[in-house]
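Heads up, the thing below is written out as structure tokens.
Read the numbers this way: they start at 1 and go in the same order the structure lists the ligands and their atoms. The analysis underlying the following values was restricted to heavy atoms, covering all of them including side chains, and did not include hydrogens, waters or symmetry mates. Model, not experiment: these values are computed from the prediction.
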Amino acid sequence: MKAAPFDYLRASSVEEAVRALGTPDSLALAGGQSLVPLLNLRHARPSLVVDINRVDELSFLRKENGRLEIGALTRHRVAETSDVVRSDVPLLAEALGHVGHVAIRNRGTIGGSLAHADPAAELPAVMVALDAEFAVHGPDGERTIAARDFFLGPYRTALGAGELLTRISVPVLPGGCAVEELSRRSRDLALVAVFATVTMSGGVCETARIAVAGAGPTPIRAIAAEASLTGRPLTDGVIAAAADLAAAATDPPGDLHAPSGYRREMAAVLTRRAITRAKEGA
Ligand SMILES: Cc1cc2nc3c(=O)[nH]c(=O)nc-3n(C[C@H](O)[C@H](O)[C@H](O)COP(=O)(O)OP(=O)(O)OC[C@H]3O[C@@H](n4cnc5c(N)ncnc54)[C@H](O)[C@@H]3O)c2cc1C
């Protein structure tokens with residue numbers, strides 16, 4: 001099937017893109033890895049597509065004041081292979097390796113993955129786990145949205161009409177980390193995926209961050225599981241109890257790919273594996 005007709009504008013600045021996105025029923029085009037199939041299937045029928053691929057000010061990766069600042073147009077593959085991402089936010093680097101295939105990651109962008117808000121996608125869950133913040137430009141200027149407030153439901157975000165996601169700000173968080181993912185075929189979108197990062201001090205867990213994808217309408221932060229680990233030695237028993245708490249926090253959909261109960265059970269298994277591996281790397 002071919003896309004329904006739409007107007008096309010190639011923006012060369014954030015200002016120009018935001019002005020164009022003020023047109024009713026307009027959509028930004030970044031890497032096109034989700035939008036182009038949606039256009040061709042006619043699931044998306046915008047009146048105007050605003051191509052942001054030439055907005056150079058949206059492509060950057062830099063460390064500032066203890067945070068990693070990422071331009072929304074930064075390609076997955078650029079971030080995945082960046083030394084600073086690998087050393088300072090290793091959870092993000094490992095998660096990026098699970099996003100589709102290299103060909104997808106060469107074109108796909110960090111901002112596009114977040115704005116698309118697929119509940120099974122890796123990057124929304126990573127950003128929720130890391131307490132990232134998103135800078136957004138719109139007709140009324142710039143505002144910041146915390147990752148935990150950004151994802152409202154499957155493919156729904158807090159982005160308002162005409163708003164463009166421009167920058168992702170992630171606190172630097174070295175330490176042990178692990179991504180554990182279950183999918184039907186290698187590199188398919190996850191049935192369930194767990195993202196964990198752990199720092200240890202004196203044999204006890206200092207900080208733990210855990211988020212689950214594919215187990216609810218939005219990424220789920222496993223707050224009770226994190227609290228159960230903090231300040232304790234990470235024995236097998238402590239990890240198993242935390243994994244049960246993480247699974248209890250999920251609200252998995254049941255569909256033809258996997259029933260709800262199976263996804264919840266897998267959330268516990270994957271959380272146990274993820275914390276164990278994160279602890280070993282911490
Ligand atoms: C074969 C295949 C396998 C895949 N596997 C995975 C996978 O395993 N995990 C995974 O997470 N994804 C996967 N994807 C999806 C894909 O990687 C991402 O959803 C995609 O890369 C999104 O980024 P993009 O830059 O391509 O965005 P686009 O497709 O250009 O845009 C996606 C949506 O975001 C909006 N948008 C884009 N940028 C902005 C912005 N800066 N501000 C506001 N709105 C914006 C667009 O208007 C559109 O609605 C796969 C895709 C394919 C084709």
Kindly indicate whether the side chain of [X], heavy atoms from C-beta on, has any atom under 4.5 Å from the side chain of [Y].
X: L165; Y: L114; result: yes
X: V14; Y: V55; result: yes
X: E133; Y: V170; result: no
X: V50; Y: L27; result: no

Under 4.0 Å between a Lys/Arg side-chain N and an Asp/Glu carboxylate O for [X] and [Y]?
X: E180; Y: R272; answer: no
X: R77; Y: E80; answer: yes
X: R185; Y: D188; answer: yes
X: R167; Y: E57; answer: no
X: E94; Y: R86; answer: no
X: D244; Y: R264; answer: no

In terms of atom number and element, which parts of ligand 1 are under 4.0 angstrom from non-hydrogen atoms of [X]?
X: H98; result: 8 (O)
X: Q33; result: 16 (C), 20 (C), 21 (O), 26 (O), 29 (O), 51 (C), 53 (C)
X: L164; result: 40 (C), 41 (N), 42 (N)
X: G108; result: 21 (O), 25 (O), 26 (O)
X: H116; result: 19 (O), 34 (O)

Write out the residue and atom name of the closest protein heavy atom to [atom], then the distance separating them to 0.1 Å.
atom: atom 50 (C) of ligand 1; answer: I104 CG2, 4.1 Å
atom: atom 16 (C) of ligand 1; answer: S34 OG, 3.7 Å
atom: atom 42 (N) of ligand 1; answer: L165 N, 2.9 Å
atom: atom 29 (O) of ligand 1; answer: L35 N, 2.7 Å
atom: atom 10 (C) of ligand 1; answer: E122 OE1, 3.3 Å
atom: atom 46 (C) of ligand 1; answer: A28 O, 3.0 Å
atom: atom 36 (N) of ligand 1; answer: A115 CB, 3.6 Å

Item to check | Pairs touching residues 57-109 that satisfy ring pair (Phe, Tyr, Trp, His ring centres under 6.0 Å), sequence neighbours left out | outcome: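 Qualifying pairs: none.
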
Checklist entry - atom 14 (N) of ligand 1: protein heavy atom closer than 4.0 Å? => result no

I'd like to check whether [X] has a polar contact with ligand 1, where a contact means an N/O of the residue lying under 3.5 Å from an N/O of the ligand.
X: R107; result: no
X: E163; result: no
X: H101; result: no
X: A72; result: no
X: G31; result: yes
X: V99; result: no

Next on the checklist: Looking at non-hydrogen atoms alone, which of G32, G112, G162 comes nearest to atom 30 (O) of ligand 1?
Outcome noted: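 Minimum heavy-atom distance to atom 30 (O) of ligand 1 goes to G32.
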
Checklist entry - Nearest non-hydrogen atom to atom 3 (C) of ligand 1 belongs to which of A121, G100, S113? => result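 Heavy atom nearest to atom 3 (C) of ligand 1 belongs to G100.
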
Next on the checklist: Taking a cutoff of less than 4.0 Å between a non-hydrogen atom of the residue and any ligand atom, is L159 in contact with ligand 1?
Outcome noted: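 Distance cut 4.0 Å: L159 passes for ligand 1.
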
Next on the checklist: Looking at ligand 1, is there an atom of it that comes within less than 4.0 Å of some heavy atom belonging to H76?
Outcome noted: yes

Next on the checklist: Can you tell me if R143 has over 12 outside heavy atoms packed within less than 6.0 Å of its CZ?
Outcome noted: yes

Checklist entry - Rounded to the nearest 0.5 Å, how far apart are CG of L91 and CZ of F195? => result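 With rounding to 0.5 Å, CG (L91) is 7.5 Å from CZ (F195).
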
Checklist entry - Among all residues two or more places apart in sequence or in another chain, which pass the ring-ring contact (aromatic ring centres under 6.0 Å, His included) test with H137? => result none

